[in-house]
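Written below as structure tokens is the structure these notes are about.
Nothing fancy with the numbering, it's 1 onward along the sequence. All figures in this text were calculated on a predicted structure; none of them were measured in a lab.
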Amino acid sequence: MPPAVAEGERGGPRIVAFGGGTGMACLLSGLKEYSSRITAIVTVTDNGGSSGRLRKDFDMVPPGDIRNCLVALADGEPLLAQLLRYRFEEAELAGHSFGNLFITALTRVTGSFDTAVRELNRLLQVRGQVLPATGRKVSLIAHHPGGGKSTGEVQITRSGERIERVEMRPRVKEAQPDVLAAISGADIMFFGPGSLFTSVVPNLLVPGIAAAVQQNTCEKVYVANIMTQPGETTGFDLEQHLSALETHAGGAFVTGVVLHDGDVDDVLLRRYARDGAFPVQPSPSMESRGLEIVRGDLLDREAANAAPGSRVIRHDAVRLAQLIDERFLARLPHRTG
């Protein structure tokens, strides 16, 4: 394993990662030790929690996923990152994170969400850059078998219905030039981990992004979730995850997959099973696609062994980044400069 990129050093491969939520932040916090040239392209369709409230009250793009990714890649003052994560628990601000409020205020000061995010990249000394897939306020619409629809991330998940496809409304003209430039110049791309239809796929719905992904001949790696997600991917195996992702991109493009392969406590698995979540499994037919499937024990053991009631199944950022470096980044020609 090569040495990690030193603080302040501008080197490493040009990495583009697509996603949103805690899964994306986990990937970024690990990968920033191997490259200072990471571009995170982040979904901006969240309509729940603090982000949803700000989206409604201020008629703006929801800031939560952007905030998580900015903090994950930040190289500036640790206290500032801690401040952006702080969540109020009382009075009228209960449930809001300071970071979300700060982005809201900065949007007002600069005049646009796009400008606010790009200014925060500078203020936080982000190792790379975090960019919204679109700077417009948009919503997701999921189409279900039988013709039914669900609008908004929260409603899509709550519906519990199988999803055939998702679309974005209102339509946007095209992704920003710096988003498309990052994709075109990438040495490698990563998709996930995260909610398939509400975090990863939405990035590909912005005009120009899917075409730019397809045109770049670099390796494109899907980081599979450890568990299926009730209400989004119930009953999905790995191939169905890939099929949904590639269908929304207009055709096959994934060249490699990172998959968790390790033990998970039976008690914890049974708890997840009661909610309809099960380990994501590969299917035999995937071998015929010629994909490079990289397996490793990627479970965050500390989170899985936490106190009862707070135990969760999620990726370990360090283990995930080490495996990606050993199996993908190490063979890239553009590691410095």
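A pairwise comparison of heavy atoms in Gly128 and Asn121 identifies O-OD1, 4.3 Å as the closest pair. For the residue pair Ser97 and Arg85, the shortest heavy atom distance occurs at CB-O, 4.5 Å. Summarising the geometry of Leu106 relative to Ala116, their closest heavy-atom pair is CD2-O, 3.4 Å, with the distance given to 0.1 Å. Between Pro282 and Arg295, the shortest heavy-atom contact is CG-NH2, 3.7 Å. Across all non-hydrogen atoms, the minimal contact from Gly235 to Gln240 is O-OE1, 3.3 Å. Of all the heavy atoms in Thr233 and Thr228, the pair that sits closest is O-CB, 3.5 Å.
Side-chain N or O atoms of Ser35 include one that pairs as donor or acceptor with a backbone N or O of Pro13 at under 3.5 Å. For the pair Asp187 (side chain) and Arg14 (backbone), a donor-acceptor distance under 3.5 Å is present. Side chain of Arg55 to backbone of Val61: no donor-acceptor contact under 3.5 angstrom is found. For the pair Asp275 (side chain) and Ala277 (backbone), a donor-acceptor distance under 3.5 Å is absent. When atom types are taken as modelled, the side chain of Arg314 and the backbone of Thr22 share no donor-acceptor pair closer than 3.5 angstrom. The closest donor-acceptor contact from the side chain of Asn68 to the backbone of Gly21 lies at 3.5 Å or more, if one exists at all. A donor-acceptor pair is defined here as one N or O able to donate and one able to accept, closer than 3.5 Å; such a pair exists between the side chain of Asn216 and the backbone of Ser184. With Glu232 contributing its side chain and Phe197 its backbone, the two residues share a donor-acceptor pair below 3.5 Å. Formation of a donor-acceptor pair under 3.5 Å by the His241 side chain with backbone atoms of Leu196 is not found in this model. Of the possible polar contacts, none joining the Ser150 side chain to the Ile156 backbone as a donor-acceptor pair under 3.5 Å is found.
Looking at Ile15 and Tyr34, their side chains never come closer than 4.5 Å, going by heavy atoms from C-beta outward. Side-chain contact between Pro279 and Val264: absent, with no pair of heavy atoms (C-beta onward) separated by less than 4.5 Å. Looking at Gln176 and Leu131, their side chains never come closer than 4.5 Å, going by heavy atoms from C-beta outward. For the pair Arg118/Thr110, no side-chain contact is recorded, criterion being any heavy-atom separation below 4.5 Å from C-beta on. Within the 4.5 Å cutoff, no side-chain heavy atoms of Val318 are placed close to those of Glu33. A 4.5 Å side-chain heavy-atom check between His315 and Leu27 finds every atom pair outside the cut-off. By the 4.5 Å heavy-atom criterion applied to side chains, Met189 and Phe253 are not counted as neighbours. Put simply, the side chain of Arg301 does not reach to within 4.5 Å of the side chain of Asp316, judged on heavy atoms.
Here Arg331 pairs with Glu219 in a salt bridge; the nearest charged N to carboxylate O distance falls below 4.0 Å. One finds a salt bridge joining Asp59 and Lys137 here, because a Lys/Arg side-chain nitrogen approaches an Asp/Glu carboxylate oxygen to under 4.0 Å.
Between the OG1 atom of Thr45 and the CD1 atom of Ile141 there is a distance of 11.5 Å, given to the nearest 0.5 Å. The line from OG1 of Thr134 to CG of Asn203 is 10.5 Å long, rounded to the nearest 0.5 Å. With rounding to the nearest 0.5 angstrom, the OH atom of Tyr272 is 10.5 Å from the CD atom of Gln229. Between the CG atom in Asn225 and the NE2 atom in His260 there is a gap of 12.0 Å [rounded to 0.5 Å]. Distance check: Asp65 CG to Glu153 CD gives 7.0 Å after rounding to the nearest 0.5 Å. Here CD1 of Ile209 is found 9.5 Å from CD of Glu174. Values are rounded to the nearest 0.5 Å.
Side-chain heavy atoms closer than 4.5 Å link hydrophobic residues (I, L, V, M, F, W, Y) into clusters, and following such links, possibly through other members, connects Leu120 to Val42. Linking ILVMFWY side-chain heavy atoms closer than 4.5 Å, directly or via other members, places Leu54 and Val154 in two distinct hydrophobic clusters. A single hydrophobic cluster is not seen to contain both Met227 and Val257; linkage of ILVMFWY side chains at heavy-atom distances under 4.5 Å, directly or through other members, places them apart. Placement of Val258 and Ile313 in two distinct hydrophobic clusters is found when ILVMFWY residues are connected by side-chain heavy-atom separations under 4.5 Å, directly or transitively. At a threshold of 4.5 Å between side-chain heavy atoms, the hydrophobic network of Ile, Leu, Val, Met, Phe, Trp and Tyr places Leu84 and Leu93 in one connected group.
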Report task. Determine, stepwise, if the pair Val130 / Leu124 fulfils side-chain contact (heavy atoms from CB on, under 4.5 Å). Result -> CA-CA 11 Å; Val130 176; Leu124 294 174; over 6 Å; no
Query raised in the report: How far apart are the C-alpha atoms of Asn47 and Leu140, what are their side-chain angles, what is the distance that settles it, and do they pass the side-chain contact (heavy atoms from CB on, under 4.5 Å) test?
Result: CA-CA 9 Å; Asn47 69 332; Leu140 277 184; over 6 Å; no
Requested in this report: Might you work through the side-chain contact (heavy atoms from CB on, under 4.5 Å) test for Ile183 and Phe18, ending with a clear yes or no?
Outcome: CA-CA 10 Å; Ile183 297 170; Phe18 298 83; 3.9 Å; yes
Query raised in the report: Stepwise, does the side-chain contact (heavy atoms from CB on, under 4.5 Å) test hold for His248 with Val166?
Result: CA-CA 8 Å; His248 285 86; Val166 291; 3.6 Å; yes
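By the 6.0 Å contact criterion, CD on Glu292 is enclosed, its count of non-hydrogen atoms from other residues, nucleotides or ligands being greater than 12. The 12-atom threshold is exceeded at CZ of Arg169, counting heavy atoms of other residues, nucleotides or ligands nearer than 6.0 Å. For Arg158, the CZ atom is loosely surrounded, since the number of other residues' heavy atoms within 6.0 Å does not exceed 12. No more than 12 heavy-atom neighbours from other residues, nucleotides or ligands sit within 6.0 angstrom of CG on Asp263.
Phe98 and Phe102 have parallel rings, their planes meeting at less than 30° on a 0 to 90° scale where 60° marks the start of perpendicular.
Remark: of the listed residues Lys149, Glu164, Glu167, Glu167 is the sole one forming a side chain to side chain donor-acceptor pair (under 3.5 Å) with His143.
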